Amino acid sequence: MLGSELQTVEQVRALRDARRTDGTNVFVIVRAILSAMRMTAMNLFRKPVTVHYPEKPRTYPDRYRGLLALVYEKDTEEEACIGCRLCEMVCPPAVIKVEMLKGEKRNYAKTFTLELYACEFCELCVQVCPTDAIVMMKSFDLATADRRELLLDKDRLHAIGLQHEQSWATGNKLRDMQGPPKMARTEHAAKEETPA
Amino acid sequence: MSAPTVTPKRVELDYTGSERLTMNMGPQHPSAHGVFRAVLTLEGETVIDVDSVIGYLHRCHEKLSETLTYAQYPSIASKTDYVAAMTSEFAYVRAAEVIGKFEVPKRAQYLRVITAELQRVASHLLWLGTWCMDMGGALGGGATIFLYCIRERELILDLFESLVGARLLYGFFQVGGVRYDIPSGWADSCRQTVDVIDQRISEYERMLENNPFFMARAQGVGVISRELAESVGISGPLLRGSGVAWDLRRADPYSSYEDFEFKVPVETAGDCFARYRVRMVEFRESLKIVRQALDKLPEGPISSRPGLKSVAQTRVPKGEAYVRVEGARGEVGCYLVADGSAKPYRMKWRGASFSNLAILPHIIPGHKVADIVAIMGSVDPVFGEVDR
Amino acid sequence: MLELVTPLIAPIVVLHVVIGIVTYVTLLERKFAARMQSRIGPYRVGYHGVLQPIADAVKLMMKEDVVPTAADKPVYNLAPIVFLVPCMFIFATLPFAPGLGVADLNIGVLFFLAVSSMEIVGLFMAGWGSNNKYALLSAMRAVNQVISYDLPFVFSALIPVVLAGSLKLSDIAAAQSGLWFIFYPVIGQLAFIAFIVSTVAAENRAPFDILEAESELVAGFRVEYSGMKFALIQLGEYAHILGASFLGALLFLGAWSGPGPEWLGPIWFLIKAMLVFLLVTWVRWSFVRIRVDQILALSWKALLPATLLLLLATAVVVVWRANAGL
C-alpha cells in the first residue's frame with residue numbers, strides 16, 4: 001500500500017507549482033533587492049575580521065589543547081614522568097610508546113616516543129597521568145616539511161615543555177574537576193584557575 | 001507483518017526524439033557536501049534519474065568502537081558528524097549510561113544541553129553558508145553569506161575553545177557526565193555571543209526573505225509531501241518542514257530537556273523554503289534554550305563517576321540499548337550491546353544523514369540540474385555520518 | 001604626417017592601456033568584494049596587494065598547458081582567441097575624450113553592440129571543443145542566455161541614441177553636456193536599470209552566471225582550460241564587462257563631462273566607468289544565482305517587453321518635445 005502512494009513526477013510538478021508564489025509584486029521585489037544590497041554595503045564599512053597572523057599572534061584561551069610536552073617536577077627539578085604507561089594504554093590512536101626504567105626510589109621513563117602526526121589532541125593522556133608529567137601547550141606551531149621531525153622523543157618533548165606556555169589542564173586538575181568534589185566545586189574552581 | 005517495501009519510481013518522461021545524457025556529479029565536486037557521487041540521467045536539463053553512490057568516507061567506526069573502551073571512544077565519535085560533533089558523542093555516551101544505569105548529575109545535564117544547542121546553532125550556520133554558496137557560487141553572492149555565517153560560527157567555536165580547548169572535534173562527553181566545567185567568565189561571554197548571533201541572524205533573514213532570486217531558487221523545489229516524509233524515514237528539519245511535528249527533544253525528552261521552554265517549528269509546504277524557515281526558527285529557539293540553561297545552571301559535580309584514571313575504568317554491565325538524540329540533521333541513534341567489559345561488544349550508528357539521503361531518488365527526478373544543489377543543500381548531509 | 005602615424009599608434013596604445021586597466025580592475029573587484037565580506041582582499045603581494053594581478057599573470061603564463069586527449073583540437077585551441085578578440089575590439093569605437101579615440105565611427109553604438117555579441121561563438125567553441133559534459137551543458141546554457149539578453153541590451157542602449165539623435169558615440173557624449181541622460185525624468189533611470197540588468201546577464205555575471213556556476217558546473221565552459229588559454233578567457237570576460245561599463249558611463253553618465261579643466265575629461269570617464277563597474281560588482285556579490293529557465297523567463301517575459309515599451313515612450317517624448325519647440 002505504501003509503495004503506490006509515493007510521488008510520481010506529475011505529483012512532484014503539481015506540488016512544485018502549487019507552492020510557488022507569484023512574486024509579481026514589484027515593490028516587494030525592489031525593496032527586497034535593495035535591502036540585500038544595503039546589507040552588503042553595510043558590511044563594506046565594518047571593520048574586517050581578519051587577524052594578520054603571523055604578525056599579530058592569536059591569544060589562545062587557557063585550556064587550549066596544543067602541542068604535547070613532558071615537564072619536570074617543580075620542587076626537585078627531576079623528570080616528572082615515572083614511566084607507568086597509563087598514557088600509552090589510554091591513547092585512542094596509540095601514538096605513545098613508553099619503556100620503563102626501574103630506579104631505587106622511583107621509576108623513570110627510559111624512552112618515550114610520541115607520534116605527533118597521528119595524535120588526535122584529545123587530552124586523554126593528560127587526564128590519566130598520575131604525576132602531571134605530560135601536559136599540553138598553548139601553541140601548535142610545529143609545522144615542518146619532514147614528518148620525521150614530528151616523531152617526538154623524550155628530549156624533544158622536554159624541550160617543547162620549556163619553550164612554550166603550558167595550558168591549564170594537568171592530570172590532577174582534570175580529575176579533581178570531574179570527580180565528585182572534595183570541597184565545594186565553585187570555590188575549588190575559583191582558586192585553581194584564571195579566567196578564560 | 002512484513003515491513004512495507006518502498007521502491008522509488010523510475011521516471012519515464014515522454015520526450016520525443018531526445019537523447020539521454022548520463023552525467024556524473026562526482027565525489028570531487030564543489031557542492032557535493034563532502035564526498036557524494038550522483039550518477040544523473042538527464043534529458044536536456046531535466047533530471048530523470050539519480051543514482052547515489054556513497055562510501056567514499058567509510059572509516060570503520062563501528063568496528064573501531066569494538067576495540068576502544070568507553071573512555072576512549074567519545075573523542076572518536078565526534079568524527080562521524082564532524083560539523084555537529086557534540087551530538088554523536090552525546091548519543092554514544094547516553095547509550096552506555098542507559099545500559100549501565102549511571103546517573104548523570106543535574107549540572108552535567110544542563111552543560112550537555114548548553115553545548116548541544118550551541119552545536120546546533122554552529123551546525124545550522126554552516127548549513128546556511130554552504131547552501132547559499134552552492135546556490136550562489138563561490139565567486140558571487142553565495143560566498144558573501146557564507147563568509148558572514150562563518151564569521152558568526154567562529155564566535156561559537158571560540159566559546160568552545162575556552163571551554164574544551166578544541167574547536168571542531170571535542171572530547172567533551174564522558175560516561176557519567178562531562179569532562180570539563182565552565183571556566184569563570186564563560187557564562188557572560190556566552191550570553192554576549194548569543195546576543196550577537198541573534199542580531200546577525202536577523203540580518204541574514206533580511207538579506208534572504210522576499211529576495212526574488214532566493215525565493216525563485218527555494219520555493220517549490222524539492223517538495224516532500226507528508227506521506228512521503230512519513231514513509232521514507234527521514235528526520236529532523238526535513239520531517240518538520242513537511243508538516244510532521246516530531247522532535248525528539250519533545251517526544252522523548254532526555255537530559256533535562258523537559259525543564260526548558262522552547263517552540264518546535266513546523267512548516268507544511270515541504271519545499272526547500274519551508275526547511276529553511278524551520279532551521280531559521282530553530283536558531284532562535286536554540287539560543288533561547290542556551291539562555292535559559294545558563295540562568296538555571298545548578299551547582300554540583302559534573303560527573304557521577306570519578307575522574308578518569310585508567311583506560312578500562314568504565315565497565316558497563318551486560319545489556320543493550322538504542323538511544324537517540326535530536327541532532328542538527330535529525331535523529332542520531334546509537335545502538336550499543338555491552339557485555340560487562342570495558343569495551344562494547346557491538347555498536348551501531350544510526351546516522352541521520354544516511355537515512356535522509358534516501359529521500360533523494362524520490363524528489364529529484366523532474367527537477368532541473370540546478371535544483372539538485374538546492375535540494376542537496378536543504379537536505380544538509382554530512383558524509384561522516386553517512387559513511388561512518 | 002601625424003595623420004598617417006596616429007592610426008597606427010593609437011590602436012597599440014589603446015590596447016595596452018586597456019589590458020592594463022583590465023588587469024587592475026580584477027584587483028579592484030577582489031578588494032571591493034573582500035571588504036563587503038568582512039575581510040581584506042589580496043594583501044601580501046606588494047603593498048596591500050598592488051602587485052597581485054602581475055603575480056597572477058606570471059603564474060598563469062608559467063602553468064602547464066593541459067589539453068584533453070579527446071578534445072577537438074582546432075576548435076579547442078582557437079576558442080579563447082575567438083572569445084577574446086571581439087571583447088578587445090569593442091574598445092575601438094570608444095572615444096576617451098572629444099577627438100581622442102581609435103575609430104570614432106558614425107555607427108559607433110551599432111558596431112559596439114554587434115561586435116560584443118560575437119563572443120558567444122568563442123564561448124560555444126570552448127564548450128564544444130572541451131569534450132566534457134559539464135562544458136557542453138554550460139555552453140548550451142550560455143548560448144540561450146546571451147542571445148536572450150542581447151535584445152534588451154540593444155534596446156536599452158538605443159534609448160540614449162534616440163535621446164541624442166545619433167549613433168556616433170562622441171555625439172551622444174556631447175549631447176549630455178547639459179543634462180546627463182540618467183537624470184532624464186523617468187526614462188533615464190529606468191533605461192539605466194534595464195541597461196545594467198541586461199549587461200550583467202549578457203556577460204554572464206552573477207546573479208545570472210549560470211553558465212559558470214562553480215557549484216554545479218565547476219567552471220562551466222572554462223573547465224578544461226589552464227594556463228595562458230585560461231588567462232585569455234579571463235581577460236576577455238573582464239574586458240567585456242569593462243567595455244560595457246565604459247559604454248554605460250558614456251551613454252548615461254555623460255562620459256567626460258565633469259568639473260575642472262578639459263584634460264581631466266578622460267579621468268572623469270574612467271571614474272564613471274569604475275562606478276558602473278562597482279555597481280555591477282556590488283550586485284554580483286549580493287545575490288544567489290537563479291536557474292537558467294528563470295533567467296530566460298525574466299528576459300523574454302519581463303525585460304524585453306519593458307525595454308521595448310520604454311523605447312517607444314522615449315521616441316514619443318522626443319518627438320513631442322521637438323514639436324513643442326523645447
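Quick note on labels: first sequence line is chain A, next is B, and so on, each numbered from 1. This is a predicted model, so every value here is computed, not measured.
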Hey, are E123(A) and Y180(B) close enough side-chain-wise for a donor-acceptor pair under 3.5 Å?
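Result is yes, a qualifying pair exists.
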| task | Would you kindly say whether R305(B) and Q178(A) are connected by a side-chain donor-acceptor distance under 3.5 Å? | result |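 No, because no side-chain N or O of R305(B) sits under 3.5 Å from a partner of the opposite role on Q178(A).
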Per-residue contact mode, [X] against chain B (heavy atom under 4.5 angstrom):
X: F121(A); value: neither
X: C91(A); value: backbone
X: M42(A); value: side chain
X: R46(A); value: side chain

Can you establish whether the number of heavy atoms outside E55(A) located under 6.0 Å from its atom CD is more than 12?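 Atom CD in E55(A) is crowded, with more than 12 foreign heavy atoms closer than 6.0 Å.
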Is the CD atom of Q163(A) crowded by more than 12 outside heavy atoms at less than 6.0 Å?
->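 Counting other residues, nucleotides and ligands, CD of Q163(A) exceeds 12 neighbours.
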Please flag which part of [X] lies under 4.5 Å from any non-hydrogen atom of chain A: side chain, backbone, both or neither.
X: L163(B); value: both
X: Q174(B); value: side chain
X: V178(B); value: backbone
X: F273(B); value: neither

Would you compute the distance between atom [atom1] of [X] and atom [atom2] of [Y] and round it to the nearest 0.5 angstrom?
X: L169(B); Y: C122(A); atom1: CG; atom2: SG; value: 11.0 Å
X: E120(A); Y: S75(B); atom1: CD; atom2: OG; value: 6.0 Å
X: L124(A); Y: T69(B); atom1: CG; atom2: OG1; value: 8.5 Å
X: D176(A); Y: D181(B); atom1: CG; atom2: CG; value: 12.5 Å

Query raised in the report: Of all heavy-atom pairs between I76(B) and P92(A), which one has the smallest distance, and what is that distance?
Result: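 Minimum heavy-atom contact is CD1-CB, 3.9 Å.
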Checklist entry - So, S35(A) side chain and R206(B) main chain: donor-acceptor pair closer than 3.5 Å or not? => result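 Yes, S35(A) side chain to R206(B) backbone: donor-acceptor pair under 3.5 Å.
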Next item on the list: Kindly indicate, with the supporting measurements, whether the criterion side-chain contact (heavy atoms from CB on, under 4.5 Å) is fulfilled by Q313(B) and V128(A).
Entry: CA-CA 11 Å; Q313(B) 186 175 334; V128(A) 297; over 6 Å; no
| query | What option among K138(A), R58(A), M136(A) has the most heavy-atom pairs under 4.5 Å with chain B? | reply |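 Counting heavy-atom pairs under 4.5 Å, the top option is R58(A).
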Handout entry: Greatest number of heavy atom pairs closer than 4.5 Å to chain B - which of M39(A), M37(A), R65(A)
Key =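 Looking at each of M39(A), M37(A), R65(A) in turn, R65(A) comes out on top.
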Practice task
Could you please spell out the steps behind the side-chain contact (heavy atoms from CB on, under 4.5 Å) verdict for I302(B) and M177(A)?
Solution key: CA-CA 8 Å; I302(B) 57 170; M177(A) 177 184 265; 3.8 Å; yes
Can you confirm whether Y64(A) sits close enough to V164(B) that some side-chain heavy atom of one is under 4.5 Å from a side-chain heavy atom of the other?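 They are not in contact (no side-chain heavy atoms under 4.5 Å apart), so the answer is no.
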| E203(B) and R38(A) ion-paired at < 4.0 Å |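 Here E203(B) does not pair with R38(A) in a salt bridge, since their nearest N and O are not under 4.0 Å apart.
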- prompt: Which is it for E161(B) and R63(A) under the side-chain contact (heavy atoms from CB on, under 4.5 Å) test, yes or no, and what are the steps along the way?
  reply: CA-CA 7 Å; E161(B) 205 185 12; R63(A) 297 187 183 180; over 6 Å; no
Go through V311(B) and L86(A) one step at a time and tell me if the side-chain contact (heavy atoms from CB on, under 4.5 Å) criterion holds. CA-CA 8 Å; V311(B) 65; L86(A) 277 172; over 6 Å; no
